[in-house]
There are 2 protein chains.
Amino acid sequence: MSRRPQTDLAVLGALSVEPMTGYALRAAIVSTLGHFWSESFGQIYPALARLEADGLVAKDDGRFTITAAGRTRLRDLLRTPVERTPPRNGLLLRLFFGSTLGEEACLDLLRDAADEAQATLATLASIRTEVEAEPDHPDKRWFLVTIAAGEATARAQARWARESLESLSPGMA
Amino acid sequence: MSRRPQTDLAVLGALSVEPMTGYALRAAIVSTLGHFWSESFGQIYPALARLEADGLVAKDDGRFTITAAGRTRLRDLLRTPVERTPPRNGLLLRLFFGSTLGEEACLDLLRDAADEAQATLATLASIRTEVEAEPDHPDKRWFLVTIAAGEATARAQARWARESLESLSPGMA
DNA sequence: AGAAACATGTAAAATGTTACATGATTGT
DNA sequence: ACAATCATGTAACATTTTACATGTTTCT
C-alpha cells in the first residue's frame, strides 16, 4: 500500500471520533496518534481537499465531518494489509561503525538513547493515567493496547542501552 | 539532517569495511545492515556517482574504494546528530481504531505481529551465532550491540502482542 | 544454448517536509 | 494595541521507490 491511503486512514480515523478543523486535526494527530503516527500540514490539507471532493468528508460549520461513505471507506482502509516501512535507525547505523566513530562517542549515543527512552516512558505513563481515568470510551481498550506497545518498546530500548553501556564499560555507567 | 547525508553514511561505512561494486554494496546493505537500515538501487548509484565526483570514493578495478578523504568524511558524518524519523506504525494505527475495525481482525493483527517478531528473533539468533563465531573483528562488539538492539525490540514486540491477546480474549490465545 | 545472477544506470511517479503567505480570533 | 494562537493553504524543494533498459558473466 502506498502512503496516501495511510494518510487517508489517519485522517478519516481521527474525524470518525469527532468533527474537527484541519488545524485541530493536525493537533489531534500530534497529541493522540503522535507516538506511532505523524502527518505534516502539507499532507493534511491536500488530503482533506481530496476526501471532500470524493464525498468522504464534508465541511460542516467550519469543521470537517466524516460522511457515511467516509465511514465505509475507513472500514475498508483498516482492513488493508499493514505496510512495512523500511527500517532506518540512525542510532544503530552509527553504532555499527563504532570502531570508526570512537568508543566515547558511542557511549554518549547509548546514554542519550537511555535518557530518551526514559522520557518516552514518562510521557506514556501520564497518557495512560489520563486514558484510564476516562469513563468507558468504546475504544478505551484499544487505546491502552497502543500505549502498552509504546511502553514495551521504550522499556526494551532503555534496558538495551543500559546493558550495552555496562558491557562496554563495566562499572562506568 | 536530511536523508542524503545518511545515505552517504551508509555507503561510505559499508565501503570502509571493504571495496565493492555497487551491486555488491546493495547486497551488503540488505544482508548486513538490513535489520536497521535500507537503501534502494535508485539511491545507491546516484550516491556513488556523487561521492566519486567529490573524490570520496574511487573506482578501482571495477570496485568502489573509499579514499582517505572519504574516511575523513565518514568520521564527520558519524558524529552528526542522529536524525529522528517520524513514527509511522501501520499496525498501531489500525489497532487504535479497533472498535471500527472489529475485534476479530484486531486479534489477527496481533497474532501476525507475534509471529513476525518470533521470525525476527530466529533470524537475529542465527546472525548472532555467525558473528560470535568470527575471530576478533575490530567491530565485533559493535555488531553484537546492534544485534542486541534488534533482539530487545523483537522480544518486546512478541511479548506485547501475546499479552495483549491474552488480555483481550482471555484463554483464547 | 539458455537461465540465473551480476552490474550499472535512468526516468517517472509518488511521497513528504519546509517555509512562506495570509488573515481571523482570542487573551492580556 | 499587541502577542499568541487558530486556521487554511500553496509552492518549492527534497526524497524515495519502482519500473525499465541494457549488457556481461557464470553456471548447468
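All of these numbers come straight from a predicted model, not from anything done at the bench. By convention in this document, chain letters (A, B, ...) are assigned in the order of the sequence lines, proteins followed by strands, and residues within each chain are numbered from 1.
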Open item on the list: If I take atom CZ in residue A:Arg26 and atom C1' in nucleotide C:dT17, what distance separates them, rounded to the nearest angstrom?
Closed with: 10 Å
Open item on the list: Looking only at the side chain of B:Lys59 (C-beta and beyond, no hydrogens), which of the listed nucleotides C:dG9, C:dT17, D:dG9 gets closest?
Closed with: C:dG9
- [ ] Ignoring the backbone of A:Arg88, work out which of D:dT10, D:dT8, D:dT17 is nearest its side chain.
- [x] D:dT17
Open item on the list: Which nucleotide wins on minimum distance to the side chain of A:Thr21, given the candidates D:dT17, C:dT17, D:dA7?
Closed with: D:dA7
Open item on the list: Measuring from atom CD of A:Gln43 to atom OG1 of A:Thr7, what distance do you get when rounded to the nearest 0.5 angstrom?
Closed with: 5.0 Å
- [ ] Would you mind reading off the distance between A:Ile44 atom CD1 and C:dT17 atom C1', rounded to a whole angstrom?
- [x] 12 Å
Task: Distance-only polar pair, side chains of B:Arg155 and B:Gln118, donor-acceptor under 3.5 Å - done: no
Task: Side-chain N,O (A:Tyr23) to OP1/OP2 (D:dC6) below 4.0 Å - done: yes
TODO: In whole angstrom, give the distance that lies between atom CH2 of A:Trp37 and atom P of C:dT15.
DONE: 12 Å
TODO: Give the nucleotide from the list C:dG9, D:dT8, C:dT18 with an atom nearest to the side chain of B:Tyr45.
DONE: C:dG9
TODO: Verify the distance criterion only: is there a donor paired with an acceptor across the side chains of A:Ser164 and A:Trp160 at less than 3.5 Å?
DONE: yes
Task: Reference residue A:Val57; test side chain to side chain contact (heavy atoms under 4.5 Å, CB included); the match among A:Asp8, A:Leu12, A:Thr65 - done: A:Leu12
Task: Nearest-nucleotide comparison on DNA chain C, the residue closer to the 5′ end among B:Gly62 and B:Pro86 - done: B:Gly62
Open item on the list: Between A:Glu83 and B:Arg94 (salt bridge meaning N to carboxylate O under 4.0 Å), is one present in this structure?
Closed with: no
TODO: Could you check how far CZ of B:Arg50 sits from C1' of C:dT10, rounded to whole Å?
DONE: 15 Å
Task: Nearest-neighbour nucleotide for the B:Ser40 side chain, D:dT17, D:dG9, C:dT8 considered - done: D:dT17
Open item on the list: Can you measure B:Glu52 atom CD to C:dA7 atom P for me and round it to whole angstrom units?
Closed with: 16 Å
Open item on the list: Output the rounded distance in Å from CG (B:Leu48) to P (C:dA7).
Closed with: 13 Å
Task: Per A:Phe64 side chain, nearest of listed nucleotides D:dG9, C:dT10, C:dC6 - done: D:dG9
- [ ] Scan B:Gly22 against the nucleic acid and name what it touches under 4.0 Å (heavy atoms): base, sugar-phosphate only, or nothing.
- [x] sugar-phosphate
Task: Gap between atoms CZ and P, on A:Phe41 and D:dT10 respectively (whole Å) - done: 14 Å
Task: Whole-Å distance separating the CD atom of A:Glu39 from the P atom of C:dT17 - done: 7 Å
